[in-house]
Amino acid sequence: MRYCSILLVSVISAALLSYNITKPINRVINVTKRLQNKDYSARINADYSGEIGNLNTSVNALAASLQAHVNEIEESEKQLNSILSNLVSGVVLIDDKGKVDLTNHATERFLSKHTSKIDGKEYTYVFGPLGIDHLIETVIEDNVKRHDEAHIYFPEERILDVHIAPYYSQGWQQRGAIIVLHDITDIRRLEKMRSEFVANVSHELKTPITSVKGFAETLLSGDVPDEATAKQFMQIIYDESERLNRLITDLLELSKIEKQAMPLNITEVNLNEIIGNSTQTISKFARDKNITLHLPSDENPIYVEADEDRLGQIVLNLVANAVNYTSDNGDIYIDAEERSSKVVLTVRDTGMGIPEEALDRLFERFYRVDKARSRHSGGTGLGLAIVKHLVESHEGKIYVKSVEGVGSTFTVELPKTQG
């Protein structure tokens, strides 16, 4: 009986000792399992001494370190995603299996495809239509960088500058290719406009200079048969020099307006009064062609905040343009209207009209619908470009509607008050 009691006490003591030993170990095991399942907030909250206490402290320190590293990685990933999402350039990552691993919003916009139709797809499927799949293949196989341009024609034409380079993992092991896409459509368009502008200026300057030089050489040679012919040659030289002066003046004017080097002197002005004063300058030319100018009534003044001189220049250039392109015995109607927060100026003619394909380019510098007729009339090809810039400097808008053989209508909308 005595031995049974001793044995029972021994068993109970062993069980208690085993429990006291396994309990903290089970807690460590439970925490490590939670860490393994990415629950980095798991901690051992019991207070133990000795080796078990040291083990608990080490596990808690490891969990805290893991949580800090994971938070840092998540923050870096958020920053990277934010940067990629807001980049105006497209970024694409191709993995070592030749499939798209990552894209950003700019890439979706360039390719007109949602991420679901890009990610995980073969690069040949995604970039084959752009004609750059062979470049990607070269980068992946030969471990070199490549650069080229690609054209997209849907939903609108775009020109993309394409940079492709290999990317690596740790140990400089190649993992695939990274593609960066820049939209250079506007840059190419501006380069083309600059090239055309230089060519146009050269042509516009060369024509009168050639005339001046030719007639001056004739006069200097003494080969002019009579005084009347000499006077006619000198008149041509004078007219061509005046044309050069107008061209240079308009170029300087346009340059100052574009650079905003001419601040507006804003005052409250009567639009109808400005129309009357401005059209006096062109009225003689209109009478010579028997063109009737129909002006708005002065009885109801229309007031607007604007630069008086610049507003007069807008009216003068629009009316002069209408007179140039209206045949003899035609009509030009100039109207002013007041609407809630804006005033509307319209210049309508019964002239030759403008082809529909030319309307989009009408306000470009030196663009002419009828080049021969414009040069004959003495125009510089800068009038409408100046008008557009002056209207926009007043925070306004300008529109044009035209039907060939019927006439054109230019409409200018200006706010009543300036900012």
Side-chain angles (χ1 to χ4, degrees), residues 35-40 62-63 65-196:
L35 292 175
Q36 185 180 1
N37 293 325
K38 300 182 180 180
D39 180 7
Y40 302 109
L62 175 62
S65 178
L66 281 173
Q67 188 172 30
H69 283 299
V70 168
N71 289 340
E72 186 178 343
I73 291 171
E74 289 178 347
E75 184 62 29
S76 297
E77 187 176 356
K78 288 179 182 178
Q79 291 178 354
L80 178 61
N81 289 335
S82 178
I83 292 170
L84 286 175
S85 297
N86 291 285
L87 278 176
V88 295
S89 298
V91 177
V92 183
L93 207 60
I94 308 295
D95 64 19
D96 53 357
K97 295 180 178 63
K99 294 185 178 181
V100 177
D101 191 45
L102 179 146
T103 55
N104 65 343
H105 294 323
T107 304
E108 294 182 34
R109 188 173 69 254
F110 293 157
L111 302 180
S112 299
K113 293 180 180 179
H114 190 265
T115 304
S116 60
K117 296 184 178 180
I118 302 175
D119 289 354
K121 305 294 183 182
E122 296 282 347
Y123 71 81
T124 52
Y125 166 78
V126 178
F127 295 103
L130 272 67
I132 61 171
D133 50 331
H134 66 288
L135 295 176
I136 301 173
E137 182 180 0
T138 302
V139 170
I140 294 175
E141 292 185 354
D142 299 339
N143 194 26
V144 293
K145 295 181 180 180
R146 285 291 181 263
H147 170 237
D148 203 350
E149 289 185 6
H151 289 256
I152 297 176
Y153 299 97
F154 181 82
E156 60 182 4
E157 185 176 1
R158 288 179 181 272
I159 303 174
L160 299 180
D161 187 47
V162 182
H163 292 263
I164 311 173
Y167 88 94
Y168 309 91
S169 61
Q170 291 182 350
W172 293 100
Q173 181 181 359
Q174 187 177 352
R175 292 289 304 278
I178 184 168
I179 306 170
V180 180
L181 308 170
H182 303 285
D183 188 349
I184 57 172
T185 307
D186 290 339
I187 295 175
R188 290 290 180 264
R189 181 177 57 84
L190 290 173
E191 287 177 351
K192 182 180 178 182
M193 288 177 61
R194 181 181 63 181
S195 177
E196 290 178 350

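Numbering starts at 1 and runs along the sequence shown.
- Around the NZ atom of Lys145, the shell of radius 6.0 Å holds no more than 12 heavy atoms that belong to other residues, nucleotides or ligands.
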Q: Take Leu130 and Leu111 through the test side chain to side chain contact (heavy atoms under 4.5 Å, CB included) and record every step on the way to the result.
A: CA-CA 9 Å; Leu130 272 67; Leu111 302 180; 3.9 Å; yes
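- The closest donor-acceptor contact from the side chain of Thr185 to the backbone of Ile159 lies under 3.5 Å.
- Residue Phe110 comes nearest to Val88 through the heavy atom pair CZ-O, 3.5 Å, listed as atom of the first residue, atom of the second, then distance.
- Under the side chain to side chain donor-acceptor pair (under 3.5 Å) criterion, no residue pair touches residues 125-137, with sequence neighbours excluded.
- By the ring pair (Phe, Tyr, Trp, His ring centres under 6.0 Å) test, His147 is found to be paired with His163, residues two or more places apart in sequence or in another chain being considered.
- Looking only at distances, a side-chain donor or acceptor of Asp95 sits under 3.5 Å from a matching main-chain atom of Lys97.
- When all heavy atoms of Ser89 and Ala106 are compared, the closest pair comes out as O-CB, 3.4 Å.
- For residues 98-108, the side chain to side chain donor-acceptor pair (under 3.5 Å) pairs, not counting sequence neighbours, are Thr103-Asp119, Asn104-Thr107, Glu108-Thr115.
- Here CZ of Arg109 is found 10.5 Å from CG of Leu181. Values are rounded to the nearest 0.5 Å.
- Arg189 is linked by a side-chain hydrogen bond (donor to acceptor under 3.5 Å, both in side chains) to nothing, counting only residues two or more places apart in sequence or in another chain.
- Here the side chain of His114 pairs a donor or acceptor atom with the backbone of Ser116 at under 3.5 angstrom.
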Q. Could you go step by step and tell me if Val92 and Ile118 meet the side chain to side chain contact (heavy atoms under 4.5 Å, CB included) rule?
A. CA-CA 10 Å; Val92 183; Ile118 302 175; 5.5 Å; no
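- Two residues are said to be in side-chain contact when any heavy atoms from C-beta on lie closer than 4.5 Å; Phe127 and Val162 fail this criterion.
- Among residues at least two apart or in separate chains, side chain to side chain donor-acceptor pair (under 3.5 Å) pairs with a member in residues 66-81 are Arg43-Gln67.
- Pairs of residues two or more places apart, or lying in two chains, that qualify as salt bridge (charged side-chain N to carboxylate O under 4.0 Å, His left out) and include a residue from residues 148-168 are Glu149-Arg188, Glu156-Arg158, Arg158-Asp183.
- You'll find the side chain of Val100 reaches within 4.5 Å of the side chain of Ile94, heavy atoms only.
- Distance check: Ile132 CD1 to Leu160 CG gives 8.0 Å after rounding to the nearest 0.5 Å.
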